Structures are given as C-alpha cells and as structure tokens.
There are 2 protein chains.
Amino acid sequence: MNILTTGQLAKKAQVNVETIRYYERRGLIPEPLRSESGYRHYSQDSIARIQFIKRAKELGFSLKEVSELLSLRVDPNTNCADVKRMAEVKITDIKEKIHALQRIKEALTKLRASCQGSGPAGKCPILEALDT
Amino acid sequence: MNILTTGQLAKKAQVNVETIRYYERRGLIPEPLRSESGYRHYSQDSIARIQFIKRAKELGFSLKEVSELLSLRVDPNTNCADVKRMAEVKITDIKEKIHALQRIKEALTKLRASCQGSGPAGKCPILEALDT
DNA sequence: ATAAACCCTGTACCTAAGTACGATGTCAAG
DNA sequence: CTTGACATCGTACTTAGGTACAGGGTTTAT
C-alpha cells in the first residue's frame, strides 16, 4: 500500500478525484508517475501536499496564492521574509474584509431597529431606507 | 427629458448598460415600454429602482434576495415583519462571516509571530505549520 | 446624406474552484 | 470470461454577477 491511485489518494486526503486532476492541471501538485496503462501513481507525500493546499485555503489563500507559497518553499533564493510578507498581506486583507462586514452589520442593525415589525411591507422603514 | 433610454438610465444610475438588461432578464426591473423601433423607454422611477438594488447589494443581499425584498414590497399580504426577518437573517449571516474571518486572522497572526523573518523559506515555520 | 453614436438581440466570456459526464480502457473477483 | 469498480481524457457545466461581442437597425449631428 505504498503507492496510491488517484481514487485512493482522494479518499485519504478527503477530496474529490476531480479535484486532484484539477490541482494537477493548475500545477499545484506535480505530475505523478504513471503505470504501464497510464494510471497515476502517487506516493504518500502527495497526501501531505494536498493537505498543505487545504490548510492554506482554510487560511484564506486562493489557489493562486497557494502556488506562490509552494514555489517559495522550493526556491532556494527566497527566504522566510517572503513567506512572512504574504501572511501579512493576507492579514491586512482579512482585516479589511472584517471592517467592511462590520459596517454592513451596523447599517443593517440600525435598519432593523427602525422597524416595529408590524404594518404592510410597502411601508416598512427598511424598504423605505433602500428607496432613498 | 422625462423619458430615458437604456444608456441614459445607465448613466444616471451609474451602472453598465448591460447590467440593466441583465437585471431585466433576472426580473429585478420590470420590462419597460418600447418605442416604435423597439427602444426601451424608462421613467424616472427606474433610477430609484436600480438604486434600491444597489443599496441592498451594498448591505450584503444577493440579487436573489433583492428579488424577494422587491416582491415583499409589492405583495399586500406581507407585512413589515417579513422584511425585518430578512434583515435579521442577514445580520446573523454577516456575524458568522465576521467570526470566521476573525478565526482566520488569529491563526495567521500566530503564524506570523512564529516566523523570525530570516533564513530559507524551506524552513519557514509558517510553511512548516501548513505541512503538519 | 452620411458618419458617429446609439440601441437591439443572442450568445459567449469572465473569475474561482471545482464538479459532472461521456466515451473508452483496465483491473480484480467470482 | 464476464461483470463491476475503477481509471483515463477532454470538455462542459456550476454559482454569482455581471461584461463583451457580433451583426444588425436607428437616431442625431454635421
């Protein structure tokens, strides 16, 4: 069980088979060796690779950014600072998203407070506010 | 200047002409009257309608939800409470998004702190964390 | 009267991150 | 030796919210 087929890798890494092919097309996982008949053969390392991708995604990195992280890892000319910078950019980015959502939340909260919850919708102050 | 063509409406409402056609297809704006030659003729009300859509979008409502808001407005059987409920659902929704982003932000902040910013990227603790 | 600037329709394209499918080939079990 | 479960490929479809043509017709300004 040292070598994995696409389906086995998919199961172990908890992704769809098609996702693996997709990641390969996107260059996120290297092209694996093939059997005589053309079947892909993956090593155990591939599980870790897919999990790396999944974790980075959970941290808000796009697949494009994941590629960059993966390249940084391999390129001997890059250093830690490059990685750290990417993390910082992403943090800033996420902070902005949070602020935007907070502004929206406050606006909605005010609108909610303006509405008594009775009477026809046609005269709802929430809808009227949107009309202004 | 009482009546507007698509292009004039687009300019007044600050949207792309194609967006107007798109909203019409989606049923967000009613089909306007047409001139002899088939040109759409919009009233001033249409500007307000598009602005309603834009504002609702800014508050995080999808176009599908905007449709619902618009229907509520017209339907005499609905009341304010329905609108208020939609606002509440959206607020909850946005709160969840904020929390998710905050968790991500914290995870990233920790990772950033773990990295001194020097040394080869191959040994960066941020990347190592993703490998775990 | 003619060119520029509009408008019409239908359809294709865009981003992101996959998912689904049809046609075909291969492998393992009974 | 056949059936079922897998594998391959290329391509199309998905969601959301538009945007961009191409190939026509119309209006307006000069």
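Residue numbers start from 1 in every chain, and the chains themselves are labelled A, B, ... in the order their sequence lines are given, proteins ahead of strands. What's counted below: heavy atoms across the whole structure, side chains too, no hydrogens, waters or symmetry copies. These numbers come from a predicted model, not from an experiment.
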Any side-chain N or O of B/Ser37 under 4.0 Å from OP1/OP2 of D/dT27?
-> yes

Residue closer to the 5' end of DNA chain D, A/Thr6 versus B/Glu36 (nearest nucleotide) | A/Thr6

With side chains defined as the heavy atoms from C-beta onward, is the minimum distance between A/Arg73 and A/Leu70 less than 4.5 Å?
-> yes

Is the shortest side-chain N/O distance from B/Tyr39 to OP1 or OP2 of C/dC6 below 4.0 Å?
-> no

Between A/Asn16 and C/dT19, is there a side-chain N or O to OP1/OP2 distance below 4.0 Å?
-> yes

Under 4.0 Å: is that the gap between some side-chain N or O of B/Arg40 and OP1 or OP2 of C/dT9?
-> yes

To the nearest angstrom, how far is A/Gln14 atom CD from C/dG18 atom C1'?
-> 17 Å

Could you give the CD1-to-C1' distance, from A/Ile3 to D/dC6, as a whole number of Å?
-> 17 Å

Between B/Lys64 and D/dT15, is there a side-chain N or O to OP1/OP2 distance below 4.0 Å?
-> no

Under 4.0 Å between a side-chain N/O of A/Thr19 and OP1 or OP2 of C/dA17, yes or no?
-> no

Nearest atoms (heavy-atom pairs only) where A/Gln51 meets A/Lys12 | NE2-O, 4.1 Å

On DNA chain C, check which nucleotide each of B/Glu18 and B/Gly7 is closest to and give me the residue with the more 5' one.
-> B/Gly7

Rounded to whole Å, the OH-C1' distance (A/Tyr22 to D/dC9) equals 18 Å

Phosphate oxygens OP1/OP2 of D/dT26: is one of them under 4.0 Å from a side-chain N or O of B/Ser35?
-> no

Are B/Tyr22 and B/Leu63 close enough that some pair of their side-chain heavy atoms sits under 4.5 Å apart?
-> yes

Name the nucleic acid region contacted by B/Thr5, choosing base, sugar-phosphate or nothing; use a 4.0 angstrom heavy-atom cut-off, strictly under.
-> sugar-phosphate

Ignoring backbone atoms, establish whether A/Arg34 has a side-chain N or O less than 4.0 Å from OP1 or OP2 of C/dT26.
-> no

How would you label the contact of B/Arg21 with the nucleic acid (heavy atoms, under 4.0 Å): base, sugar-phosphate, or nothing?
-> base

Tell me: CD1 of A/Ile50 to P of C/dA17, nearest whole Å?
-> 16 Å

Write down the distance between CD (A/Gln8) and C1' (D/dA7), rounded to a whole number of angstrom.
-> 11 Å

Kindly check if the number of other-residue, nucleotide or ligand heavy atoms within 6.0 Å of CD (B/Gln116) is above 12?
-> no

Pick the nucleotide of DNA chain C nearest each of A/Val17 and B/Gly38; which residue has the one closer to the 5' end?
-> B/Gly38

4.5 Å side-chain heavy-atom contact, B/Leu72 and B/Met86 = yes

Could you give the CD1-to-P distance, from A/Ile29 to C/dG18, as a whole number of Å?
-> 11 Å

Side chain proximity check, B/Tyr39 to B/Thr6, heavy atoms < 4.5 angstrom | no

Between atom NZ in A/Lys57 and atom C1' in C/dG18, what is the gap in whole Å?
-> 9 Å

Between P of D/dT19 and OH of B/Tyr23, the distance in whole Å | 8 Å

